[in-house]
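Owing to the predicted nature of the structure, the values given are computational and were not obtained by experimental measurement. Every chain is numbered from 1 and lettered A, B, ... according to where its sequence line falls, protein lines coming before strand lines.
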Amino acid sequence: MDLLTPLGPGPRHREGLEDGAVLLRGWLGGREAAIMEAIGDIARRSPFRMLTTPGGRTMSVAMTGCGTLGWHSDRQGYRYVPVDPTTGRPWPAMPELLSDVAREAADEAGYASFAPDACLINRYAPGARLSLHQDRDEDALSEPIVSLSVGVAATFLWGGLERSSPTRRIRLDSGDVVVWGGPSRLVYHGVAALARGWHPLTGDKRFNVTFRAVRRPAPRPC
DNA sequence: AAGTCTCA
DNA sequence: GACA
């Protein structure tokens, strides 16, 4: 049975997924519009693009990013790069609103001092999906992943440490935040094909904002 | 293989 | 589950 803990008054509450992973329902609490503004600013400078996998397939999810490093994929493989290959310019800086939300969510999930250096922004149109995978291109595997959902609801696929592990299907609504790390840091996860839907802030699309600490954080003085 | 296809 |  999932751990269910209310987070103050209102619909916000936490659900435990497994050791090290937590779902913060309604965590964004009305900041979705401001987050969409921030995404618009970022996309004006580093436009959404559909990346190619090492196997030569085109991903259905459109991506961009911000921070000192951005995730990139092409025939050469998956990696984090300091310059957006599409524009030849550094990725846009990470807006304070986004890093604040990420740190607060990590704190709430039990991961203190989360300081992401990369923020991947995923845009799902109807039918777009992300098949089961691990986030393993980061050096700092001791740091968690923080994932925000805005817009049309999606089905999150939450597996285990092996690709063949059983997969749970979890509805993610606009405003939900998932945090995973520690023993669940390398859990396989994905998103089922986005159903047709409508959200006042995003139309028929869903946006996912995922924060990672790629480089190991500097040790903190005692 | 962060995708797609095939079989039972 | 197989498959670059």
Side-chain angles (χ1 to χ4, degrees), chain A residues 17-18 20-21 23 39 42-43 46-87 91 94 98 102 116-141 143-172 176-181 184-195 202 205-215:
Chain A
L17 296 177
E18 63 173 86
L23 171 44
I39 291 174
I42 291 162
S46 273
F48 283 98
R49 81 295 306 261
M50 297 215 270
L51 298 174
T52 301
T53 67
R57 265 61 174 262
T58 301
M59 298 177 70
S60 57
V61 177
M63 300 179 167
T64 184
C66 63
T68 57
L69 291 169
W71 189 80
H72 184 69
S73 174
D74 58 21
R75 268 47 156 252
Q76 316 308 313
Y78 309 131
R79 61 199 179 277
Y80 285 93
V81 291
V83 169
D84 179 354
T86 298
T87 64
W91 298 95
M94 196 183 304
L98 295 186
D117 51 7
C119 169
L120 175 62
I121 303 171
N122 299 140
R123 187 185 66 193
Y124 294 76
R129 51 189 239 100
L130 200 53
S131 59
L132 223 52
H133 68 280
Q134 295 172 301
D135 289 7
R136 52 178 303 166
D137 305 314
E138 303 78 23
D139 299 329
L141 292 180
E143 296 298 302
I145 301 286
V146 174
S147 172
L148 322 181
S149 294
V150 179
V152 173
T155 300
F156 188 48
L157 307 173
W158 180 251
L161 294 176
E162 297 180 4
R163 185 182 273 274
S164 56
S165 304
T167 299
R168 286 171 63 183
R169 298 171 70 88
I170 298 166
R171 191 195 70 258
L172 291 183
D176 291 347
V177 177
V178 186
V179 181
W180 67 98
S184 62
R185 177 61 177 74
L186 292 176
V187 162
Y188 277 91
H189 58 283
V191 177
L194 190 73
T202 66
K205 295 180 176 59
R206 167 182 189 254
F207 291 82
N208 165 256
V209 186
T210 304
F211 300 88
R212 300 93 185 269
V214 178
R215 304 307 178 208

Exercise. Taking A/Arg215 as the fixed residue, which of A/Thr68, A/Asp117, A/Asp139 is the one that meets the side-chain hydrogen bond (donor to acceptor under 3.5 Å, both in side chains) rule?
Worked result: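 With A/Arg215 as partner, A/Thr68, A/Asp117, A/Asp139 yield a single side-chain hydrogen bond (donor to acceptor under 3.5 Å, both in side chains), made by A/Asp139.
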For this session: Run the numbers on A/Val178 and A/Ile170 for side-chain contact (heavy atoms from CB on, under 4.5 Å), then give the verdict.
Result: CA-CA 11 Å; A/Val178 186; A/Ile170 298 166; over 6 Å; no
Exercise. Salt bridge (Lys or Arg N to Asp or Glu O under 4.0 Å): which pairs involve residues 49-65 of chain A, sequence neighbours left out?
Worked result: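 Those involving residues 49-65 of chain A are A/Arg49-A/Asp84.
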Spacing of [X] atom [atom1] relative to [N] atom [atom2], expressed in whole Å:
| X | N | atom1 | atom2 | answer |
| --- | --- | --- | --- | --- |
| A/Leu130 | B/dA1 | CG | C1' | 12 Å |
| A/His133 | B/dT4 | NE2 | C1' | 17 Å |
| A/Met59 | B/dA1 | CE | P | 10 Å |
| A/Gln76 | B/dA2 | CD | P | 16 Å |
| A/Leu132 | C/dA2 | CG | P | 16 Å |
| A/Leu157 | B/dA2 | CG | C1' | 12 Å |
| A/Asp135 | B/dA1 | CG | P | 16 Å |
| A/Tyr80 | B/dA2 | OH | P | 13 Å |

Can you give each donor-acceptor pair under 3.5 Å made by side-chain atoms of residues 147-158 of chain A, sequence neighbours left out, with the distance rounded to 0.1 Å?
{"from": "A/Ser147", "atom 1": "OG", "to": "A/Asn208", "atom 2": "ND2", "distance (Å)": "2.7"}
{"from": "A/Ser149", "atom 1": "OG", "to": "A/Arg206", "atom 2": "NH2", "distance (Å)": "2.8"}
{"from": "A/Trp158", "atom 1": "NE1", "to": "A/Glu18", "atom 2": "OE1", "distance (Å)": "3.1"}

Give one of base, sugar-phosphate or nothing for [X], where a contact means two heavy atoms less than 4.0 Å apart.
| X | result |
| --- | --- |
| A/Asp137 | base |
| A/Thr53 | sugar-phosphate |
| A/Leu51 | nothing |

Between [X] and [Y], is there a donor-acceptor pair closer than 3.5 Å when you use the side chain of the first and the backbone of the second?
| X | Y | result |
| --- | --- | --- |
| A/Ser184 | A/Val187 | no |
| A/Ser60 | A/Arg129 | yes |
| A/Glu138 | A/Ala213 | no |

Exercise. Could you spell out the base pairing of DNA chain B in dot-bracket, with Watson-Crick or G-U pairs whose two distances are under 3.5 Å, [ ] crossing and | to another strand?
Worked result: ..|||...
Exercise. Should A/Arg57 be listed as having a side-chain N or O under 4.0 Å from OP1 or OP2 of B/dC5?
Worked result: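 A/Arg57 to B/dC5 OP1/OP2: no side-chain N or O under 4.0 Å.
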Problem set entry | B/dA8 to B/dT4 separation - P atoms, rounded to the nearest Å |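 Approximately 23 Å lies between the P atom of B/dA8 and that of B/dT4.
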For this session: Using the C1' atoms only, state how far B/dA1 lies from B/dT6, rounded to an integer number of Å.
Result: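 It works out to 15 Å between them.
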Exercise. Out of B/dA1, B/dA2, C/dG1, which nucleotide sits closest to the side chain of A/Ser164?
Worked result: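 Shortest atom-to-atom distance from the side chain points to C/dG1.
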Exercise. For the side chain of A/Arg129, counting heavy atoms from C-beta on, which of B/dA2, B/dT4, C/dG1 is nearest?
Worked result: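 Nearest nucleotide to the side chain: B/dT4.
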